[in-house]
S.K.: 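After the structure tokens below, expect a handful of questions from me.
The chains referred to below are lettered A, B, ... by the order of the sequence lines, with proteins before strands, and numbering in each begins at 1. The shown structure was predicted, so the numbers you read here are calculated from the model rather than taken from an experiment.
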2 protein chains.
Amino acid sequence: MKKITIGEAARQSGVKVPTVRYYESIGLLAAPNRSEGNQRSFEPADISRLAFIRHARELGFEIEAIRTLLTLQDDPNQSCASADAIAKARLIEVEQRIRSLMALKAELETMVEGCGHGRVDQCRVIEVLADHGQCRHSQH
Amino acid sequence: MKKITIGEAARQSGVKVPTVRYYESIGLLAAPNRSEGNQRSFEPADISRLAFIRHARELGFEIEAIRTLLTLQDDPNQSCASADAIAKARLIEVEQRIRSLMALKAELETMVEGCGHGRVDQCRVIEVLADHGQCRHSQH
DNA sequence: CTACATCCTCTAGCGACTAGAGGTGCAAGA
DNA sequence: TCTTGCACCTCTAGTCGCTAGAGGATGTAG
């Protein structure tokens with residue numbers, strides 16, 4: 001088998017080199033074998049695992065959630081109820097966040113539209129920030 | 001004038017006590033006068049400033065952006081072009097983030113819907129994570 | 001053999017707080 | 001007056017998920 005360097009693993013998985021080392025350091029990725037000269041030598045499975053992690057991170061899962069998902073993946077006989085629960089929780093978070101951002105968007109639009117491009121004392125941006133009572137949303 | 005303690009200031013502005021001290025430490029809020037016993041004594045203007053900061057933070061502005069907005073507020077003769085630019089930049093960020101989260105939402109929904117609630121080896125949650133090729137969005 | 005890219009470990013830094021230790025100030029009840 | 005107990009003080013260190021940099025070793029191409 002040809003040796004996969006950390007740089008190769010990084011390129012193939014889309015995870016940066018220092019981040020690969022970081023994932024190893026926190027135990028998300030098993031420590032790989034080393035070459036004569038102490039350089040890491042990865043297996044193809046490590047690249048899949050890194051890609052899995054990367055994808056999950058892109059979806060906004062926290063490291064601890066990913067750790068759980070990975071242990072589930074490692075043991076395919078387990079019930080997928082936990083995986084389902086984690087994904088559902090994340091979905092709810094994302095929906096919340098979208099709602100919240102929509103409210104922010106509306107408020108920012110009011111600010112930007114209301115800006116007369118004159119001096120600060122007539123500026124709606126500053127004004128709205130100074131007085132929360134002027135906006136329609138109250139919790140985020 | 002009655003003295004406003006840090007606790008009072010926190011309650012009235014909605015900023016937590018340690019956070020008020022933090023804002024002072026990074027120069028976002030001027031260091032207030034102290035009582036005989038070295039306790040901070042705030043002015044009503046400080047509370048407005050804290051409320052301004054809090055509202056801006058809720059809108060997702062970074063501390064450095066808020067610092068700029070505050071200097072603009074402090075000098076009302078300035079043009080509000082900078083304030084406008086900051087708000088516009090933030091609006092674009094928010095719109096980006098919403099689009100990105102919508103894509104995530106769609107992907108998470110596919111995962112959750114596809115979960116057969118059986119064993120992990122048939123679980124769509126794990127499967128989708130393991131193989132990015134299965135999903136329709138490619139950049140976030 | 002010599003460049004030069006890539007690798008190694010280690011420590012420190014980022015943003016925006018938050019938590020905790022260890023101590024002081026202050027107002028109200030006994 | 002004393003004491004209880006909360007609120008305040010400073011300082012350091014921790015959070016999350018990396019990222020940057022120092023200072024050195026290894027590996028490969030010409």
Side-chain angles (χ1 to χ4, degrees), chain A residues 2-29 31-42 46-47 49-70 86 89-90 93 97 140, chain B residues 2-29 31-42 46-47 49-70 86 89-90 93 97 140:
Chain A
K2 63 240 161 180
K3 52 197 160 181
I4 303 172
T5 65
I6 195 168
E8 248 322 281
R11 230 164 291 124
Q12 286 184 36
S13 65
V15 175
K16 291 193 208 133
V17 169
T19 307
V20 174
R21 284 196 278 254
Y22 170 69
Y23 288 159
E24 183 190 324
S25 82
I26 61 168
L28 216 53
L29 191 70
N33 293 327
R34 299 289 183 122
S35 75
E36 291 262 310
N38 197 34
Q39 303 202 345
R40 287 170 182 82
S41 180
F42 292 90
D46 295 320
I47 291 169
R49 199 173 173 93
L50 281 168
F52 183 106
I53 297 170
R54 184 192 152 213
H55 192 192
R57 286 295 299 138
E58 281 173 356
L59 286 167
F61 288 99
E62 289 174 7
I63 295 286
E64 286 318 301
I66 296 173
R67 202 186 290 279
T68 305
L69 290 170
L70 281 167
I86 290 170
R90 179 68 193 134
E93 267 173 44
R97 193 93 187 95
H140 302 266
Chain B
K2 62 242 160 176
K3 51 200 161 176
I4 303 173
T5 65
I6 196 169
E8 247 324 282
R11 229 164 294 125
Q12 285 184 37
S13 65
V15 176
K16 290 193 209 137
V17 168
T19 307
V20 174
R21 284 195 279 253
Y22 170 70
Y23 288 159
E24 184 190 324
S25 83
I26 61 169
L28 216 55
L29 191 70
N33 293 326
R34 298 291 182 120
S35 74
E36 290 262 311
N38 196 34
Q39 303 202 344
R40 287 171 181 81
S41 180
F42 292 90
D46 295 320
I47 291 169
R49 199 174 174 92
L50 282 168
F52 183 107
I53 297 169
R54 185 194 152 211
H55 192 193
R57 286 295 300 137
E58 281 173 354
L59 286 167
F61 288 99
E62 289 174 7
I63 293 287
E64 286 316 302
I66 295 173
R67 204 187 288 280
T68 306
L69 290 170
L70 282 167
I86 291 171
R90 179 68 193 135
E93 268 174 42
R97 193 90 187 98
H140 302 270

S.K.: Not counting sequence neighbours, which residues clear side-chain hydrogen bond (donor to acceptor under 3.5 Å, both in side chains) with Arg90(A)? List them please.
M.R.: Glu93(A)
S.K.: Within the structure, does a side-chain N or O atom of Thr5(B) lie under 4.0 Å from either OP1 or OP2 of dC8(D)?
M.R.: yes
S.K.: Map Arg57(B) and Arg34(A) onto DNA chain C by nearest heavy atom, then report which one ends up closer to the 5' terminus.
M.R.: Arg34(A)
S.K.: Check whether any side-chain N or O of Arg40(B) sits under 4.0 Å from OP1 or OP2 of dC9(D), and answer yes or no.
M.R.: yes
S.K.: Are the side chains of Leu70(B) and Arg49(B) in contact, using a 4.5 Å heavy-atom criterion?
M.R.: yes
S.K.: Starting from P on dC16(D), measure out to CD on Glu64(A) and report it in whole angstrom.
M.R.: 8 Å
S.K.: Would you jot down, in residue-number order, the residues of residues 12-28 of chain B having a non-hydrogen atom under 4.0 Å from DNA chain D?
M.R.: Arg21(B)
S.K.: Identify the 5'-most and 3'-most nucleotides of DNA chain C with at least one atom closer than 4.0 Å to a non-hydrogen atom of chain A.
M.R.: dC7(C) to dT9(C)
S.K.: Within the distance-only criterion (no hydrogens, no angle test), does the side chain of Thr19(A) pair as donor or acceptor with the backbone N or O of Tyr22(A) below 3.5 angstrom?
M.R.: no
S.K.: Of the listed nucleotides (dT26(D), dC9(D), dC18(D)), which one gets closest to any side-chain atom of Gln39(A)?
M.R.: dT26(D)
S.K.: What closest approach, in Å, do Ala9(B) and Ile4(B) show between heavy atoms, and which atom pair accounts for it?
M.R.: N-CG2, 3.8 Å
S.K.: Whole-Å distance between dC16(D) P and Arg67(A) CZ?
M.R.: 11 Å
S.K.: So Glu36(B), base contact, sugar-phosphate only, or nothing? Heavy-atom distance under 4.0 Å.
M.R.: nothing
S.K.: Measure CZ/Arg54(A) against P/dG17(D) and give the value in whole Å, please.
M.R.: 17 Å
S.K.: If you define the side chain from C-beta out and look only at heavy atoms, does anything of Gln12(A) sit under 4.5 Å from Phe42(A)?
M.R.: no
S.K.: Which heavy atom of Val17(A) sits nearest to which heavy atom of Ala10(A), and what is that distance?
M.R.: CG2-CB, 3.6 Å
S.K.: Can you confirm whether Ile26(A) sits close enough to Arg67(A) that some side-chain heavy atom of one is under 4.5 Å from a side-chain heavy atom of the other?
M.R.: yes
S.K.: Any side-chain heavy atom of Ile86(A) within less than 4.5 Å of one from Thr68(A)?
M.R.: yes
S.K.: Side chains of Glu24(B) and Arg40(B), heavy atoms from C-beta outward: is any pair under 4.5 Å?
M.R.: yes
S.K.: Map Asn38(A) and Phe61(A) onto DNA chain D by nearest heavy atom, then report which one ends up closer to the 5' terminus.
M.R.: Phe61(A)
